[in-house]
Asker: 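Take this structure first; my questions come after.
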Amino acid sequence: MDKRLPDTADDARPEPARDVLLDIRNLHVSVPGKGSSKTIIDGLSLQLRSGEIVALVGESGSGKSMTALSLMRLLPSAASITGGQVLFRGRDVLGMSPAELNHLRGGHIAMIFQQPQGMLDPTSRVGVQVAEALWKHRRPDRSSVKERVIKLLADVGIPAPASRIDCYAHELSGGMAQRVMIAAAMSGEPQLLIADEPTTALDVTVQVQILKLLDEQRRKRNLAILLITHDLSIVSAIADRVAVMYAGRIVEEGPAREILKQPRHPYTRALVQCSLLKADANGRLYSIPAAPTALATGQGCRFLPRCPTAAANGISAHCLEQEPQLSIYDASCMARCWAVACNDHPAMAASGTHA
Amino acid sequence: MIDSRIDMAPRSHATVGRPFVEVTDLKKHYMMRAGLSLKALDGVSFSIREGEVLGLVGESGCGKSTIARVLMRLTSATGGEARIDQRNVLTLNGPDLRRMRRTMQLVFQDPYAALDPRMTLGNSMLLPMIQNELGTRDTLRATVLQMLEEVGLDASFAERYPRECSGGQLQRVVIGRALLLKPRFLVCDEPTSALDASMRTQILNLLVDLKQRFGLTLLMISHDLRVVKHMCDRIAVMYLGQIVEIADRDELFARPRHPYTRALISSALIDETGLDGAASYLKGDLPSPLAPPPGCRLQTRCRFATQPCTSEMPLLRDAGDGHLVRCHHWEKLDLTSVTYRAAGTPDAATTGP
Amino acid sequence: MSTETALPLLPFAGRTVAGRPSALRRFLSFARSRHWTFGVGIALFALIAALLIAGPWVTPYNPASQSLLRRLASPSAAHWLGTDHLGRDLLSRILVGGQFSVLIAMVTLFLCVTIGTVVGIISARSGGWVDEIIMRLVDLLISFPDVVIAIFAIAILGPGYGTLIISLTIIGWTPFARLSRGLALVISAKEYISAAEVLGCSRTFIIVRHIIPNTLRPIAAITFLRFGHKLITVGGLSFIGLGVQPPQADWALMLAEAQPYVERMPLLVIVPGLAIFLTALSVTWIGQGLELKEAR
Ligand SMILES: Nc1ncnc2c1ncn2[C@@H]1O[C@H](COP(=O)(O)OP(=O)(O)OP(=O)(O)O)[C@@H](O)[C@H]1O
Ligand SMILES: Nc1ncnc2c1ncn2[C@@H]1O[C@H](COP(=O)(O)OP(=O)(O)OP(=O)(O)O)[C@@H](O)[C@H]1O
Ligand code: SF4
Ligand code: SF4
Ligand SMILES: [Mg+2]
Ligand SMILES: [Mg+2]
């Protein structure tokens, strides 16, 4: 596996600008598998700037949650970080002591999850839980804690917050519980919020409210948000940039609306087409061929077994023999695909056509 | 080649149009502690013509699954009637009920939960057929293999256990298992919401195919308007145990009459309307179903709520051509304009400094 | 029907198919995924079981033959573990003395599990007053001290192995009934049970094919954990004279008989005590290994 490290590091990637808040460099995460260990994040690099919302999308099992957890060093015990760096304001999170980490988590970086009800302690009142989060990082004097909590809850749009602080988690609706989670997350005045599918468990009408709330928080606090989701319509509604993951690596990255409007990587194209739920002339919906379990383990492109572009244009030797690197195809867009990167690829010759 | 036990020929379309499922004033009240009752279904009526696909959408907890469970007799109804092929299934019992069950089948939301983890997929499909005395083990085994092929799986899946398969593959098995009993009415309770985008389109394609092939009448429950838009002929929108709007699909999307429907549509099209547009139609959360507001159930969230809304429950009225709507102001509201923007709405999310 | 042969008829009720690892391999990989105590427990129990089975043939002396001349002899080349207060060879008695306790514990445990599981599942699936009555009966039995029940049983049936087994079963089935009722309620709430109902499966089918297979693993785990407890209860009843009768060799009885001589010959207590302890421990470790969630 180490053999691969140098060539992924070669990915064409602009030097990080100065205002980069979070800089993930060549992250590797693996879990023990049958016999040898299995790499589930394989050379992932990503940058976030303050005030920016970056969406991480990809199919189930592509490694989105694992990426998020490794940023916080909260990976399950089976998984371990086997390489790379995670720089938060220039400091490597992976080398931090437990005390520093504790300060980082919830303080500079906060996280919210898919199931808000499950993340709240069912036995204590929500006001107390927000107060605890507040206490951990800000140490306000005791008399003002209650006011601060009420203000935090009001900030996230909880009506009549003073009467809500005595509720238990199960007495809140999913949307309210997610607001409480966001309030607790905001109590440490973080600079980065990691949101792992924050609206998946919520209803569509509530979903937009939560997204709007996140967007407001970002503007108000110049917060950077790493938004993990599988819903592309959310991405184009809220995200500035999008990174598309496939099998543990980023395959395409760039400005969200541009990428989703004109994806170049065959996987992104397929994903966009699936998500549209628009039937073709025969009334069929598009779906990506072959099961994700049938992944090739050779040295070629990982998407090859399912790649519609390769299927339509004939498999090129490039795709078969060498893993493509992330390369810049447009001012700010990157894709990991031979058909995008090199001109003699058959798909380029038949330019514009795709399945 | 074709086994006689699977009826491959599409049923005659001559009968399309006759109401096949008729649900009238269906009520389901759960008794809760302290004498409170939760009206999960509060007088729901709809009908589905033979061969038709009816979509049922609505927020979580509005009673969609309860309808499915009541129709399948997994839970008893508090009142009302549900006729399927002229017979009231709610009053059937014993052998009659068991026989009726074959006519109506259910596809569950979570395929992992709907299959016994300790049973091979083959047995999960085969044993119910044996229970229904549809044939001997040996002949039915061939039928199972044929059905696996029908739903796009190969014979090796018969040997597998659920943990060895993906969600999409399991959902195919669940659908195949239901179809093996040759039902005429299939209820799909969020059949794709546990699956990711690519799997979802595969399963929806499969359902469309099988519906044609087996001449099914379908009730398609979903919270995703895009899914029902693709699948359904007619769509019913539910809110807090009541149907608030029913219309033909194109009519519903072109001319939504109920504010709640409008909110659902714009939330589903969030990438086109943008966050502000999508969030402008409704405010706040679903109120507790234990204490629904008097009058119109949407009044706590509706921006158009006025006096009659807070005191009088609107009735489901015909707005023409079988487009039913439950709103006092439906004639006055113009919800079609996309440019519609709510300026300065008292949206809970926007309050704060 | 003639068309069926055209289809590939896979014997999917068969046990081993190409690609599925054999039962032994699956067991080995299962054992490897457990805590080390699981393997050690199995090895230890296998050893104890082998010794107990081979016991009557490998004992150096007749375990019942007394020799008052060699009372309370210390370990020597002739008597590896020494002799007891009647001059009987301790090693021989240990080797045969476990048979009854272990066998009785196994038999009663089997009866307890079977009765408890069946009653518990019926109780859970019936609900209503059937459930109510069964559960009150269980409460009643649990609140009676074990010894009282054993004495009652002996008063009615007279002493003997049969009585011992019956009284131990009456004492012991209730926890299994509670457990399996709880498990059955949990499983009944699962969607695949609803699915089976919708598919028109009968009540018996649902119990036999869905509920029982899914309760088996946790119940098996608890069964193993209870084994040590049972062994000690058998010992306890023998100790107060309700179980194995002298001069029969039995671990618990040996402990009882050795009491007056503890100070002169501690081995007389240590050896049978250790035998009971190790047997109970090995089975407990097996049970713990089974109980842990299956590693995914
Ligand atoms: N505890 C674990 N032990 C071993 N492998 C794991 C563990 N948790 C996750 N994985 C594997 O890591 C990979 C990435 O999982 P991850 O949860 O990050 O996916 P995801 O993109 O978040 O998917 P989803 O959309 O379903 O949440 C998957 O292949 C998964 O099987
Ligand atoms: N067994 C039950 N006991 C009490 N209340 C119940 C029970 N089952 C459902 N409910 C309540 O009935 C209401 C309707 O539930 P139902 O499951 O039908 O909603 P749904 O529309 O299917 O929601 P979702 O989209 O979350 O599946 C909810 O408020 C729910 O809490
Ligand atoms: S590199 Fe080749 S196989 Fe991979 S995505 Fe591009 S065209 Fe498809
Ligand atoms: S009746 Fe009133 S509150 Fe209800 S939806 Fe219509 S306008 Fe809104
Ligand atoms: Mg995830
Ligand atoms: Mg539901």
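Throughout, protein chains are lettered first and strands after them, A, B, ... in sequence-line order, and every chain is numbered starting at 1. The structure displayed is predicted, hence computed values, not measured ones.
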Asker: I need the B:Arg69 CZ to C:Ser194 OG distance, nearest 0.5 Å.
Answerer: 4.5 Å

Asker: Enumerate by number any residue of residues 275-283 of chain C whose heavy atoms lie under 4.5 Å from heavy atoms of chain B; in the absence of such residues, state 'none'.
Answerer: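 None at all.
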
Asker: Looking at side-chain heavy atoms only, is the closest gap between B:Ser124 and C:Tyr192 below 4.5 Å?
Answerer: no

Asker: Of the backbone (N, CA, C, O) and the side chain (C-beta and beyond), which part of B:Leu106 lies under 4.5 Å from a heavy atom of chain C, both, or neither?
Answerer: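 Both backbone and side chain.
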
Asker: Side chain from CB out, backbone as N, CA, C, O: work out which of these in B:Asn132 comes under 4.5 Å of a heavy atom of chain C, or both, or neither.
Answerer: side chain

Asker: Are C:Leu199 and B:Arg101 packed together at the side-chain level, in the sense that at least one heavy-atom pair is separated by less than 4.5 angstrom?
Answerer: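 A side-chain contact under 4.5 Å is absent here.
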
Asker: For B:Val44, give me all partners under side-chain contact (heavy atoms from CB on, under 4.5 Å), at least two apart in sequence or on another chain.
Answerer: B:Leu26, B:Leu41, B:Phe46, B:Ile67, B:Met238, B:Ile243

Asker: Give the interface residues of residues 208-216 of chain C toward chain B, defined by a heavy-atom separation under 4.5 Å.
Answerer: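 When heavy atoms of chain B are the reference, residues 208-216 of chain C contributes C:Arg209, C:His210, C:Pro213, C:Asn214 within the under-4.5 Å range.
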
Asker: Less than 4.5 Å to any heavy atom of chain C: does that hold for the side chain of B:Arg177, its backbone, both, or neither?
Answerer: both

Asker: Could you please state which residues from residues 70-77 of chain B sit under 4.5 angstrom from chain C, measuring non-hydrogen atom to non-hydrogen atom, sorted by number, or 'none'?
Answerer: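 Listed by number: B:Met72, B:Leu74.
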
